Structure formats: C-alpha cells, structure tokens
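Worksheet: one structure, shown below.
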There are 2 protein chains.
Amino acid sequence: MKPPRSSKNDVFLRYKLWLSAVSGEGIIGEGKYKLLRMIEKLGSLKAAAESLGVSYRKAWGDIKESEELLGYDLTEKTRGGVGGGNSVLTSKAKNLLEAYDALHKKMDNAIEDAYDDFKKKIS
Amino acid sequence: MKPPRSSKNDVFLRYKLWLSAVSGEGIIGEGKYKLLRMIEKLGSLKAAAESLGVSYRKAWGDIKESEELLGYDLTEKTRGGVGGGNSVLTSKAKNLLEAYDALHKKMDNAIEDAYDDFKKKIS
DNA sequence: AGTCGATATGTTATCTACTTCATATCGGTG
DNA sequence: CACCGATATGAAGTAGATAACATATCGACT
C-alpha cells in the first residue's frame, strides 16, 4: 500500500520574517507587506484594510508607526477631492517591498533546503 | 567625523521559526525549545518554568499540547519520591532539539547572507 | 503511616492587542 | 458653497492569551 499523503501527526515548518527597529517594534512583516501591496493595488487605505478584513483604525496606525520608525513616508495621502481622498505608495515604499520580496524568496529557498534534512532527523 | 554606529532609524531583520501541526498550533518554537532545554538542565518542569519566568500552568500545558500533537512524549514524568518528582527529556525530545538547532543554524546563515543585500537595496 | 515537593488540572483574574464607535478635517466637484 | 467620502485620531468595548489561585494526586523516605 502506498503511504498516506498526510496523517494526524503530520507537521511542517513555518517562519515569520520582519524588519524591526532597535526598540523592537516591527517595521514591516507579512501584515504590513500585504497592506502596502493592497494599497498599491486599490489606491486607498480604507479599501485595502477592508479587503484584508482588518480595521481601518489598525491599518492606519500600522502605516503611521512604520513611517515614524523609518523616518520617511511609505504612502502619499490625499484628503478630499474625487472619491474623498486616496493613498498611493511612495517610490521608497515600492523599493522596500521589492527588497522584502527578494529577501523572502531567499529565505523560502533556505527553508526548503533545510526541510528534508530536518524531517529525516525527526522521523 | 565618523558615522555613528547606530542611529534612531537603524533597522534589522528578525525571524521566528517553528514546527507546526496542520491544525496550526505550534509544536515547537523558541519558547518550547528553551523550556525543554531548561528541563534537560534542571530535571524539573517546575524549576524550568520558574527559571524562565513563565507560569508552571502554562509550561505544563505547553508540553502537554506538543506531546499530543506529536503523538509521543517529550518528557518522562515522575510524581512523588525524592524531591517530590521530576521530569527528564525522552530521547525523541533530544533528537527534536538537535534537529531544531541544526535548522536554526542554517536559517541564521541564510539570513546573514541576505542581510547585506537587503540593506543595500533599502538604503 | 505521615511528610514533602513536584506533577496534574480546573477556575478565575489580568493584560494586551485589536475592533468598534465617535467625531473632526480636508478639498474637488456638482 | 454645500456635499461626499477618505484620511486622521481619540476613546471605549471585546476577546484571546497568560498569570494567579486553588486543589488534588502521587510515592520515596523517614
């Protein structure tokens, strides 16, 4: 018989990766990454927050916190006008997202390499 | 003047790595790793929990949860007797810790490699 | 047989992060 | 120039995680 593809005791590796300030606060991780990408896509913080199922209050606070920690803006905000306002990514934000992508890719490769070895050891 | 070694806007990368069940619960990560290593060192769950500044209740629950998820014991428990009882690691637990160590080392290397590249990109 | 200290486990309180609510501000467009 | 909808921000309510508290159980040693 062939082995089951997964069992009750199946396990796998997970990891979180983030950029942090010396003070410990997270500047960008999975959550803020997704939020920024969604702002890029939708052109609005409100729409981005809603589409991710996170409160506007938190999304707004997250962006603000990151910007304060980094010392530069990640989004260019507009109030009033057509549609009430909007948010678009700054070029620095886009740059940061690119760098985060590359980093994540490298770590994904590393963990994939280490995974088989790990499973062999614990089985 | 020479540049400061660190500034207000200094940032660095951090990551967490853990073994997870399909259901999502963590089987072993930094916390349980430290707890198990401390049990190994001190020979008691109570002493280990206290030395790590975590409540006995939580430490006990953590170990139990991991054991249930893995389907095997990580500690051999004794009640009564000299000293009131004790906990020692099973060989499977030691094995798991070894594998976790190796994995972490690999990831540490990977992140170190990626770090300079990342910083160059975002600065 | 009684003592002692660790394991074992339910119950209640506290902490903290996030959501909800409330309210103000801005400015292009009709 | 009033209106609308997004940004901006304080304040209060909620839920999930952890700590604190309370008790029971076990068994070698005296």
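It should be emphasised that the depicted structure is a prediction, and the values quoted were computed from it without experimental measurement. Lettering follows sequence order; numbering is per chain, from 1.
- Salt-bridge annotation for B:K77 and B:E67: present, with a side-chain N of the basic residue lying under 4.0 Å from a carboxylate O of the acidic one.
- Taking OG1 from B:T78 and CG from B:N86, the interatomic distance works out to 4.0 Å, rounded to the nearest 0.5 Å.
- Within residues 28-49 of chain A, no residue is approached by DNA chain C to less than 4.0 Å at the level of any non-hydrogen atom.
- Whole-Å rounding puts the A:N86 CG to D:dC4 C1' distance at 15 Å.
- B:E67 has its CD atom 12 Å from the P atom of C:dT7, to the nearest Å.
- Using a cutoff of 4.0 Å between basic side-chain nitrogens and carboxylate oxygens, A:E112 and A:K106 are not scored as salt-bridged.
- Hydrophobic clustering (side-chain heavy atoms under 4.5 Å, transitive across Ile, Leu, Val, Met, Phe, Trp, Tyr) keeps B:V88 apart from B:I28.
- Comparing A:Y56 and B:W60 against DNA chain C, the residue whose closest nucleotide sits nearer the 5' end is B:W60.
- The side-chain heavy atoms of A:E25 and A:E65, taken from C-beta on, include a pair separated by under 4.5 Å.
- Residues A:L19 and A:L96 form a side-chain contact, since some pair of their non-hydrogen atoms from C-beta on lies under 4.5 Å apart.
- Cation-pi contact between B:K46 and B:Y56: absent, since separation from the ring centre below 6.0 Å together with deviation from the ring axis within 45° is not met.
- Going from atom CD1 of B:I63 over to atom P of C:dT9 covers 14 Å, rounded to whole Å.
- Two residues are said to be in side-chain contact when any heavy atoms from C-beta on lie closer than 4.5 Å; A:L89 and A:L97 meet this criterion.
- Phosphate proximity of C:dT9 to B:K64: present, with a side-chain N or O under 4.0 Å from OP1 or OP2.
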Classify every nucleotide of nucleotides 15-28 of chain D by which part a protein heavy atom approaches to under 4.0 Å, writing B for the base, S for the sugar-phosphate alone and - for neither, in 5'-to-3' order. ---SSB----BBBS
